[in-house]
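Notes for the one structure printed next.
Numbers here simply count residues along the sequence, with the first being 1. In this text, all values refer to a predicted model and were calculated from it rather than measured experimentally.
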Amino acid sequence: MSDTEQAGAEAAAPEDVPGGEPSSGAADEPAPSAAEPAEPAQAAASDRADTPATAPADDAPPKNGDSKVSPQETERTAPRRETDEGGSFSRYQEARQQISLRFNRSAVAQGGGNSFYAEQLSIGGDNRVEVQAVSVPSLQVAQQLDCHLDVDQQAQMAARLAAQHVLLLAGKPGSGRQSTALTLLAGCCPDDRIRILHSEAPGILQEISRRADELLTPDGFVIDLDDREVKLSTLETLAHLARKQGAFVVVLGVLGRVDPDQLGPHAFEHRRPALGEVLAVHLRRLLAGHPGACTDPDCSAEHTTAFTARMLESPQVQRTLDGAVSVRSVVEFAEVLAQSVHTEDTSLTEVIGQWRDRLRRLAKQLLRVPTETAQGSVLDPHRQAFRIAYAFFHGLPLADVFEAGQLLSASVLPRYETRELAPANHVFERELDQLIPPEMLASADAASDGRADDNPRCARLVDEELMHAVIEVVWHDYDSLRHPLLEWLTALVAGPLERIRVRAAQIAGILLCHDFDSVYRDLIRNWAGGKNTAYRQSAALALEMAAHDPRLMQRVRGQIRSWLGSPRWQFQDSAARAYGTLVGAQDVPDTLWALRELGTRPELAFSSSVAFSMAWLHLSAAPGPASDALDQWISSDNDHLTQHAIRTLLILSRYSAGPDRRDRPVLADTAMTDPDRADALVRLWRHALMGQHSSTRAWDQLRRWLLAGDADKELAAFLDALVPRICARPLALRAGFYLGMWAGRHPDSRTVRQLRHQLAKGALATPSAS
């Protein structure tokens with residue numbers, strides 16, 4: 001088949017749906033509209049021992065006449081065509097990375113969301129990352145200095161920052177890193193010259209280094225990397241540029257991903273101060289001026305001092321501090337205690353209970369239907385729905401909140417409510433300030449997290465934990481709201497926006513932590529058994545969220561294994577997708593065995609789920625074992641495994657080796673120093689370039705690698721040796737055609753010109769060693 005004919009045949013393939021499967025025949029059905037949430041095919045609960053006895057097994061026959069599609073029927077009705085796996089994978093992982101959540105509340109254990117570094121290969125394009133610079137008010141700096149407690153090695157930190165101009169504080173969120181950073185910077189520059197540099201995209205340190213003349217001024221800067229990777233070479237470069245510009249930079253990192261021992265003289269491990277001392281200093285600050293403003297005639301400095309001493313010595317207070325998750329929560333606790341300075345000690349239990357349950361009480365207050373509002377009853381049908389959407393979509397653009405809130409209030413809730421005739425609706429009656437009360441919103445000067453200049457404007461809660469409180473209240477305190485909530489989430493995961501689908505799946509995962517049996521039976525099981533790819537991908541992500549609760553980890557793994565053993569291809573596909581999450585990363589050998597088992601099955605021959613999970617493992621958890629598995633797959637006698645290996649190659653070939661090597665493919669980076677990896681890469685490329693349904697995309701990806709070599713001399717030298725092996729007979733003739741076409745399209749490419757010269761000398765015509 002000629003190149004033109006082949007391109008036309010592949011272009012005729014059905015457009016991919018979220019997750020990367022073709023939406024043809026029995027394989028997938030079109031995604032339902034938001035107004036008509038689909039009901040995935042009925043599937044049953046797991047046959048595990050901890051599943052309720054009344055629940056049927058996952059492989060139970062479908063009800064309501066929904067007959068199961070056999071593998072033979074699937075092969076007859078679905079053409080063997082691949083979709084744009086790389087594009088679907090990129091969109092999904094980008095959405096997961098941008099809206100990852102941290103859980104510190106209720107049954108959900110502390111842990112990160114879904115973060116991993118994976119950046120698409122950049123070739124001579126505009127690679128600039130948007131960086132926002134937000135000034136920290138001098139009053140805020142003064143308040144931090146007034147109540148800051150020195151941490152271990154703070155004197156050494158200050159000396160190192162003054163000498164090196166760059167310091168990395170590696171510690172857990174909530175350990176007071178930002179307070180320490182502001183204190184250290186205040187010792188090097190004026191209080192009104194401290195800024196926060198922020199970016200949602202990875203590679204912020206590399207972008208700051210690239211634009212140092214523009215971004216770094218003789219000021220102090222705080223950069224929060226969250227859980228992104230940082231390297232010693234990057235810090236050394238940043239230190240050199242900061243000294244040159246007269247700037248002082250404190251970078252905040254996370255333990256585990258940022259190892260201070262491997263980052264030379266620039267990093268310190270940041271341990272939080274003693275929480276009892278934090279409570280003491282904030283209580284004294286809050287009560288310092290209280291006697292002068294108090295209306296109680298018996299109030300005096302001696303009274304407040306005695307109250308502070310009793311609180312610090314109280315066993316109840318100490319037990320509360322032992323359960324505190326962050327320094328910030330202790331500061332809030334101090335504020336609650338300070339307001340109770342004249343409360344009898346016998347009421348201390350009630351005061352502590354109010355503090356612990358403050359967010360839950362706020363959530364109930366936000367969702368309560370008032371007897372009368374200043375605006376009348378026009379806002380009532382929409383207000384609670386919008387507040388739920390605002391809380392659930394914290395951190396996402398307001399456009400997503402508006403869309404989700406409208407779907408809940410106008411499409412889902414009316415099916416469960418008896419309403420009067422719809423009141424006259426005027427667009428100016430739904431002002432955001434009326435729908436969302438001030439106590440729910442983050443403060444206007446949200447400069448502490450560097451996000452004051454959102455564009456587009458995003459939903460910002462006063463505390464991210466309020467989202468978890470709203471979820472808990474909605475699920476446990478409103479009996480008639482459960483079914484509408486599940487229907488709403490189902491409609492959201494069928495929508496067109498990837499980030500909305502991901503957040504809806506995350507919410508479902510949090511609900512699993514509150515009530516695994518019920519939520520799995522009524523929601524996740526239906527998603528996992530659905531014929532729409534978006535449902536199955538969301539089911540996998542929901543289980544990943546639930547696995548952050550240590551009590552549910554084994555149950556989640558057992559549920560995924562139950563899907564793997566199901567005779568229905570939908571559950572098998574959901575299992576394959578679930579292994580491409582943090583659950584799969586916790587036991588890589590078992591995950592690779594399961595993916596190989598799934599990859600051999602004809603039921604998943606048309607799905608990209610196995611390739612998705614293999615690519616995720618390679619990029620985030622286990623590049624070595626994943627590469628070894630791909631080499632075994634490409635040489636397997638099972639044609640399905642070979643196709644999954646080719647799909648994985650086409651996905652991974654799009655990604656770079658990291659923010660400091662954006663022009664170097666991640667697969668090439670390892671192979672450049674490992675001959676065995678280079679041999680395996682040759683085998684993968686040759687199969688992909690000769691595949692009937694993969695050759696056009698494979699040749700185009702190889703062209704991108706060659707163009708990337710023009711910006712990387714080491715990569716160019718590696719490709720000069722690798723590509724002749726890849727393009728040896730019987731690919732030599734086709735390679736000559738493509739190299740000639742690329743030489744005309746990219747006349748300035750040295751790598752293409754060099755390889756074409758080798759072809760003219762006959763270097764590509766030798767038999768392949770592979």
Main-chain N/O of [Y] paired with [X] side-chain donor or acceptor, under 3.5 Å:
{"X": "E544", "Y": "L582", "result": "yes"}
{"X": "R177", "Y": "G253", "result": "yes"}
{"X": "R503", "Y": "F392", "result": "yes"}
{"X": "R272", "Y": "V327", "result": "no"}
{"X": "D710", "Y": "T751", "result": "yes"}
{"X": "T234", "Y": "V230", "result": "no"}
{"X": "Q632", "Y": "A629", "result": "no"}

Query - Crowding at CD, Q143 (>12 non-hydrogen neighbours, <6.0 Å) - result: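 Buried by this count: over 12 neighbours within 6.0 Å.
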Query raised in the report: Considering residues, nucleotides and ligands other than R284, do more than 12 of their heavy atoms fall under 6.0 Å from its CZ?
Result: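 Atom CZ in R284 is not crowded, with 12 or fewer foreign heavy atoms closer than 6.0 Å.
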Report task. Decide, yes or no, whether a salt bridge links R677 with D628 under the criterion of side-chain N to carboxylate O below 4.0 Å. Result ->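 Between D628 and R677 there is a salt bridge, with a charged N closer than 4.0 Å to a carboxylate O.
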Query raised in the report: Looking at R750 and D720, does any basic side-chain N land under 4.0 Å from a carboxylate oxygen?
Result: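 So R750 pairs with D720 through a salt bridge.
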Query raised in the report: Between P625, P623, S613, which is the residue that forms a side-chain contact (heavy atoms from CB on, under 4.5 Å) with H618?
Result: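 By the side-chain contact (heavy atoms from CB on, under 4.5 Å) criterion, H618 pairs with just one of P625, P623, S613: P623.
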Quick one: does [X]'s side chain get under 4.5 Å of [Y]'s, heavy atoms only?
{"X": "V151", "Y": "M157", "answer": "yes"}
{"X": "L541", "Y": "R577", "answer": "no"}
{"X": "L715", "Y": "D663", "answer": "no"}
{"X": "Q586", "Y": "M553", "answer": "yes"}

Query raised in the report: Side-chain donor-acceptor pair under 3.5 Å between Q554 and R557, yes or no?
Result: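 Per modelled atom types, Q554 and R557 side chains form no pair under 3.5 Å.
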Requested in this report: Kindly give the heavy-atom pair with the smallest separation between A334 and H282, and that separation in Å.
Outcome: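 Closest approach of A334 to H282: CB-CB, 3.8 Å.
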Query raised in the report: Which heavy atom of E465 sits nearest a heavy atom of L359, and at what distance?
Result: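 The pair with the smallest heavy-atom distance is CB-CD1, 3.5 Å.
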Query - Plane angle bin for H165 and F248 - parallel if under 30°, tilted between 30 and 60°, otherwise perpendicular - result: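 F248 and H165: parallel rings.
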Query raised in the report: Considering the options W685, F718, Y655, which one meets the ring-ring contact (aromatic ring centres under 6.0 Å, His included) requirement together with W705?
Result: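 For W705, the ring-ring contact (aromatic ring centres under 6.0 Å, His included) check succeeds only for W685.
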